[in-house]
Protein chains: 2
Amino acid sequence: MPMVKKTLKQRIVDASVVLFQEDGYHNVTVDRIVEYIGASKGGFYHNFKSKDELLYEIHDVFISYVIKQSQEAYDKYDTPITRLCAMLQTLTQVFDMYQAHITVFYEESRSLPEEYSEIIHKKRDQYRDILQKVIEDGQQTKDFRTELPCTIVTMAIVGMINWTYKWFKQSGPLTMEEITEVFTDMVLRAIVTEQAMEEAVQFMVKG
Amino acid sequence: MPMVKKTLKQRIVDASVVLFQEDGYHNVTVDRIVEYIGASKGGFYHNFKSKDELLYEIHDVFISYVIKQSQEAYDKYDTPITRLCAMLQTLTQVFDMYQAHITVFYEESRSLPEEYSEIIHKKRDQYRDILQKVIEDGQQTKDFRTELPCTIVTMAIVGMINWTYKWFKQSGPLTMEEITEVFTDMVLRAIVTEQAMEEAVQFMVKG
DNA sequence: CAATACAAACCGACTAGTCGGTATTAACTT
DNA sequence: AAGTTAATACCGACTAGTCGGTTTGTATTG
């Protein structure tokens, strides 16, 4: 493993994610960030145009990764049920790894100036659209119940997953694997039609 | 209807909820609040010890109301399924009415100094406990599937509901009634046992 | 007169961003 | 390989502006 020297820019990002998560964007000064990593203000503004640009960078790294992972999960499978399960799996995994990022993403997005927030909002919608497409497809193929509006179903799932960043603690009694399993079970039972239930049961918790 | 003259204090709270929701606590100055309602800084600090105290007041009004409504929904019914439905109904209603409050509640809770946030966190847990008790009871009575850990189920439901504040728009194409109906259906299907399904079907969307 | 309810000017602490300068590395020449 | 130049990366004292909160003043009410 080649021990690559981390750039100052990367060290700033890494430190900021942690600090922003803990205390919030507005309560973390640039001075504190650079002091935290033993750098200087000059170094900071050499790498970033502004504090806002740093916040944007954190947002973009995270949401771009989520989109990439979601799309990969989509492409890897070819039925609505398997795709949905893969996406749930992927998403909760990401949320497990990037909890600091996602906290910043959802708590501090309002602090982004418009020039940045426009881009981020577009990408956020893009992520949701991938999930919604899976639901729509599933309704078309009668794998998923058509009597539920797919937009609401999508947002219900998104909410369920996203909210984990508020309460999940890696040091807590529950592992993300357990949570994923339960979420998957609940979602499948909620939306899979009786006729497609056979394919779905393999992804459910045994009872 | 007696036209009661609104106190300055109430006007400050009302204006602040809106402003905080729109721009975030840190981006709204005390000067802007008082200017917005045509008052003065002296008036503000006559009614509030600090800007933080105002934020606390907004938090407390909201969460206390949620607890009260949840408890009432609990007391009004006597089976897990009816209680759960009533609570879902109540909660989404509250979220419909108090969207500005809830936005402030979830986006700005980190801005509360510890003296206040302790109280708020306790109340927030209290609200969750009421819901969790319903789930637990239901598992005891075999109305709800016991193979799903009730803590995860509870947080899944909480997440689904809470997330609505992020995307629901009163001016949008979906009404909160529709959303509630779909949420209720999904939750019931996800957790109600086969043997109790008979009681639950009346609350589901017809398919 | 005394207490309340507000107004308006003011203060001090804090912070994003600047700017002149220095160290470090890369590129080129001889 | 050594010397020279240029560009990049980084430093830290400083500033201009902002904002929560205070103080002093004034009108009203009981």
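The sequence lines fix the lettering, A, B, ..., with proteins before strands; numbering per chain opens at 1. Below, all heavy atoms of this structure are taken into account, side chains as well, without hydrogens, waters or symmetry copies.
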Protein-nucleotide distance ([X], atom [atom1]; [N], atom [atom2]), rounded to Å:
X: Glu53(A); N: dA16(C); atom1: CD; atom2: P; result: 15 Å
X: Lys6(A); N: dA9(D); atom1: NZ; atom2: C1'; result: 19 Å
X: His26(A); N: dA16(C); atom1: NE2; atom2: P; result: 10 Å
X: Asn27(B); N: dA16(C); atom1: CG; atom2: C1'; result: 14 Å
X: Ile12(B); N: dA7(C); atom1: CD1; atom2: C1'; result: 13 Å
X: Ile33(B); N: dT18(D); atom1: CD1; atom2: P; result: 18 Å
X: Glu35(B); N: dA8(C); atom1: CD; atom2: C1'; result: 14 Å
X: Phe44(B); N: dC19(D); atom1: CZ; atom2: C1'; result: 12 Å

* Asked: With respect to the phosphate group of dC10(D), does any side-chain polar atom (N or O) of Asn47(A) fall under 4.0 Å of OP1 or OP2?
  -> yes
* Phosphate contact (dC6(C) OP1 or OP2) by His46(B) side-chain N/O below 4.0 Å -> no
* Spell out yes or no: do the side chain of Lys41(A) and the base of dA13(D) have one donor N/O and one acceptor N/O closer than 3.5 Å? => no
* **Side chain Lys51(A) and base dG17(C) donor-acceptor under 3.5 Å** =>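 For Lys51(A), whose side chain was compared with the base of dG17(C), there is no donor-acceptor pair (under 3.5 Å).
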What's the closest nucleotide to the side chain of [X] if the choices are [options]?
X: Ala39(B); options: dG17(C), dC11(D), dA7(C); value: dA7(C)
X: Tyr45(A); options: dG17(C), dA5(C), dG12(D); value: dG17(C)
X: Val30(B); options: dG20(D), dG17(C), dC6(C); value: dG20(D)

* Structure fact -> Walking DNA chain D from its 5' end, the first of Ser40(A) and Asp31(A) to be reached, judged by nearest nucleotide, is Ser40(A)
Do [Y] and [X] meet the salt-bridge criterion of a basic N to acidic O distance under 4.0 Å?
X: Lys166(A); Y: Glu107(A); result: yes
X: Asp23(B); Y: Arg110(A); result: no
X: Lys133(B); Y: Asp129(B); result: no

* **Cation-aromatic face contact Lys51(B)/Tyr45(B), 6.0 Å, 45 degrees** =>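 Relative to the ring axis of Tyr45(B), which defines the angle, Lys51(B) lies outside at least one limit.
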* **Face-on cation placement of Arg83(A) at Tyr74(A) ring, 6.0 Å and 45° thresholds** => yes
